[in-house]
Amino acid sequence: MKAPAARHERTGSQSTICVVCLLGVLISAMSLGSLRLYGLYLEHRLAYVMVRIEAFNDRNAALEERYSSMLSPSRIYNYAKSELNMMTAGEITTIKVGGASAAVADLNGTSAVYVEAPGIFESLFTGMANAQD
């Protein structure tokens with residue numbers, strides 16, 4: 001009869017378990033490393049997008065400032081006076097004739113007349129006395 005082999009002399013089962021565990025650890029380390037690299041790539045892309053957003057916000061602020069300066073009343077007045085040769089009216093008088101109102105403006109020797117037809121609500125407010133009467 002042959003004696004059974006001692007436990008420390010058995011081969012095969014422990015070495016395969018060690019190899020499987022080692023492969024599992026290597027695969028886990030490689031996937032963790034690849035996830036870390038992908039995370040770094042995403043952080044880089046996020047930083048790039050944030051820089052572009054800041055650039056667009058700066059450009060938007062500059063355009064809003066330019067827009068508000070273009071709409072300033074003094075700029076519009078100066079543009080109308082210099083480029084369009086518009087001038088302010090000297091004396092404006094309003095004349096009421098038969099329910100229609102007309103405004104007469106004297107523009108340095110030339111007269112302009114603006115006629116306004118009576119509106120719906122104007123008939124309600126005409127004929128009332130005011131403090132100047």
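Computed from heavy atoms alone, side chains included, the values below leave out hydrogens, waters and symmetry copies. We're numbering straight along the sequence, starting at 1.
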Visitor: Between Tyr79 and Arg75, is any side-chain donor less than 3.5 angstrom from a side-chain acceptor?
Guide: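 There is no such pair (donor and acceptor under 3.5 Å, judged by atom type) between the side chains of Tyr79 and Arg75.
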
Visitor: Find the distance between OG (Ser72) and OH (Tyr67) and round it off to the nearest 0.5 Å.
Guide: 12.0 Å

Visitor: So if I apply the side chain to side chain contact (heavy atoms under 4.5 Å, CB included) rule between Val19 and each of Leu23, Leu22, Ile17, which one comes out positive?
Guide: Leu23

Visitor: Go through the structure and list residues passing side chain to side chain contact (heavy atoms under 4.5 Å, CB included) with Arg52, not counting sequence neighbours.
Guide: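 Here the qualifying residues are Tyr48, Phe56.
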
Visitor: Show the nearest heavy-atom pair for residues Ile76 and Leu71, with the distance to one decimal.
Guide: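 Minimum heavy-atom contact is CD1-O, 3.7 Å.
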
Visitor: Identify all side-chain donor-acceptor contacts of residues 26-38 below 3.5 Å with residues at least two apart in sequence or on another chain.
Guide:
unit_1	atom_1	unit_2	atom_2	d
Ser28	OG	Gly24	O	2.9
Ser31	OG	Ile27	O	2.7
Ser31	OG	Ser28	O	3.2
Ser34	OG	Met30	O	3.4
Ser34	OG	Ser31	O	2.8

Visitor: Working to the nearest 0.5 Å, report the span between CG of Leu40 and CZ of Arg45.
Guide: 14.5 Å

